2 protein chains.
Amino acid sequence: MTPVKNIPRHQKLYEVLRKHISDGLYREGDLLPSENELCHLFGMTRPTVRQALSTLANDGYIKKHQGKGSIVHHLPREIGILSVSGTTSAIGDRNLQTDIIIRPVLIPWPDNFIFPLSEIEKESGCIYMERLRFLEGVPIFYDITHIANMNLPRITSRQFENRSLFMILREHYHIEIKGVEQRIKAIPASLKISRFLNLKKGEPVLHLERKLETNNPVLFLYSSIFCNTEKYSIFGRF
Amino acid sequence: MTPVKNIPRHQKLYEVLRKHISDGLYREGDLLPSENELCHLFGMTRPTVRQALSTLANDGYIKKHQGKGSIVHHLPREIGILSVSGTTSAIGDRNLQTDIIIRPVLIPWPDNFIFPLSEIEKESGCIYMERLRFLEGVPIFYDITHIANMNLPRITSRQFENRSLFMILREHYHIEIKGVEQRIKAIPASLKISRFLNLKKGEPVLHLERKLETNNPVLFLYSSIFCNTEKYSIFGRF
DNA sequence: ATAATTATCTTGTATTTACAAGTTAATTAT
DNA sequence: ATAATTAACTTGTAAATACAAGATAATTAT
């Protein structure tokens, strides 16, 4: 079986431009090459180019202006956890350090799980892990992840330190994140949470419960994230 | 001058389908008519139909499946404040009651405003209002809004009770919301906030700071929202 | 010199056509 | 009857073409 090669051309262009913006090749306020320029730069037609730009605009990388062009948006300096891409890629690998609290282990699903589970998920058991993420030495995220144990061989023995879970899933298991459903609350820190996030018990903590959909229609990732928003905010753009 | 009439066809279709989903004509899990069916139902071509469906999918109303069709998503029962549409339309006018704490008034911009302001905004002064929103009798949102006083005649004398600010801006001033930038934090309730939201002082409150972009490139809405998330969660889908 | 017009750039909308790829149901061979 | 194949759907990708509409710079008329 040959490796995945049939990446659509619009997606390819999207990734190139996205990388250029992330790398700072195009800076905030810059005008991207016009659609027609991109067309014969990359040898594709305008609808294809427009699809790539549309996705970029949707993800908040650019802003389109009729008659003017596509303007590069300033990248969120804050923590872009509201984006689908996963924290590591959004904030940059350099600044976000990840500690593994509990290595991936196989456990039965907890009773009264936060999200309803399908029969297939219940039968396969679940992979559990806990991570703590630091930004400039300050603990920001305490992250509990549940994944159904379906076709993920040897995942319990992989190295997750300073690597995005999304990246590992993508490179080793060809799993892509397709969508997110999430609930956000402000809760008082429990004793456990307060210790991890270096706060006092009862201090406000942002709690996100996320269900991530993948390209495998029966495989979901569930994560419960506790954020210390004392210094940083969660950032989102639409 | 004739009223706005040049609404793009894809947008028209989007609004029709969106309304049908909101009204429950299409229910959760239902398959939308296929793209080709929609084509000759509405007399347009597939790219046009696809653009409408793409926007619907983007807004979380449907989910597209290659080879299968477009499946209607269950509407978020929770408070969809993370969507651009504004709270009133998201949750339905019936359930959300709005109290005006401070009627729209003209004030100078506060010092150290949460968002940086342009010179034009600073010169025009600002319209200020405070609202409290209830869901089933429970106070959920305490909402502080700042708008630059530009071409909004008689806005200080309009009735905002149980009507969406977005609706008034749309119908009377042709202002459409085009994008949102927001920061989310968990903070302890101040005495003032705790009284409005019927909480104890220091209890966790969700704080959203939003900058809303409009179709007028120099006009922004700024709102600072404090949420009681004890009973309800903020919901989002991507 | 200034103002109005025009030309030329940009993105937005829309049609037409063609084929690829995933899903499902009907058909056929075993 | 069951399993494999085929056909008929569905959405996804991609091209070529045309004109509309907003923005900007060059031109022209005053």
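This is a predicted model, so every value here is computed, not measured. Letters A, B, ... mirror the listed sequences (proteins, then strands); counts begin at 1.
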Between the side chain of [X] and the main-chain N/O of [Y], is any donor-acceptor distance below 3.5 Å?
{"X": "B:W109", "Y": "B:L117", "answer": "no"}
{"X": "A:R9", "Y": "A:V49", "answer": "no"}
{"X": "A:E15", "Y": "A:K12", "answer": "no"}

Original post:
Applying the side chain to side chain contact (heavy atoms under 4.5 Å, CB included) test to A:E209, which of A:I144, A:I114, A:I184 qualifies?
Top reply: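 Result: among A:I144, A:I114, A:I184, A:I114 is the only option passing the side chain to side chain contact (heavy atoms under 4.5 Å, CB included) with A:E209.
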Rounded to the Å, how far apart are [X] [atom1] and [N] [atom2]?
{"X": "A:K68", "N": "C:dT8", "atom1": "NZ", "atom2": "C1'", "value": "17 Å"}
{"X": "B:Q66", "N": "C:dT24", "atom1": "CD", "atom2": "C1'", "value": "14 Å"}
{"X": "B:L31", "N": "C:dT23", "atom1": "CG", "atom2": "P", "value": "13 Å"}
{"X": "B:R50", "N": "C:dT13", "atom1": "CZ", "atom2": "C1'", "value": "16 Å"}
{"X": "A:N36", "N": "C:dG12", "atom1": "CG", "atom2": "C1'", "value": "13 Å"}
{"X": "A:L38", "N": "C:dT11", "atom1": "CG", "atom2": "C1'", "value": "12 Å"}
{"X": "B:H40", "N": "C:dT16", "atom1": "NE2", "atom2": "P", "value": "15 Å"}
{"X": "A:L53", "N": "C:dG12", "atom1": "CG", "atom2": "C1'", "value": "13 Å"}

Original post:
Hey, which of B:R210, B:H207, B:E130 is the one that makes side-chain hydrogen bond (donor to acceptor under 3.5 Å, both in side chains) with B:S224?
Top reply: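 That would be B:H207.
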Original post:
Checking A:R183 against A:F115: charged group under 6.0 Å from the ring centre and within 45 degrees of the axis?
Top reply: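 Output yes; distance and angle both within limits.
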**OP:** Name the residue closer to the 5' end of DNA chain D, choosing between B:S34 and A:Q51 according to the nucleotide with the nearest heavy atom.
**Re:**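 Closer to the 5' end of DNA chain D: B:S34.
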Original post:
Pick the nucleotide of DNA chain D nearest each of A:R46 and B:S70; which residue has the one closer to the 5' end?
Top reply: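 Between the two, 5'-proximity favours B:S70.
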Original post:
So what does A:T48 hit on the nucleic acid, given a heavy-atom distance under 4.0 Å: a base, only sugar-phosphate, or nothing?
Top reply: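 A:T48: backbone/sugar contact only, no base atoms under 4.0 Å.
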**OP:** Give a yes/no answer on whether the side chain of B:H10 brings an N or O atom under 4.0 Å of OP1 or OP2 in C:dT13.
**Re:**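 Indeed, a polar side-chain atom of B:H10 lies that close.
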Original post:
Which base, if any, makes a Watson-Crick or G-U wobble pair with D:dA7, both distances under 3.5 Å?
Top reply: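 Looking at the geometry, D:dA7 pairs with C:dT24.
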Subject >> Watson-Crick or G-U wobble mate for C:dA18, both contacts under 3.5 Å >> reply: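 The answer is D:dT13, by the H-bond criterion.
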Original post:
Under the ring pair (Phe, Tyr, Trp, His ring centres under 6.0 Å) criterion, do B:H146 and B:F113 qualify, and how do the steps go?
Top reply: CA-CA 10 Å; B:H146 293 264; B:F113 191 62; 4.8 Å; yes
Original post:
5'-most contact on DNA chain C: A:E37 or B:Q11, nearest heavy atom basis?
Top reply: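 Of the two residues, A:E37 wins.
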Subject >> Contact interval (first through last nucleotide) of DNA chain D with protein chain A, 4.0 Å heavy-atom >> reply: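 That gives a stretch of D:dT13 to D:dT24.
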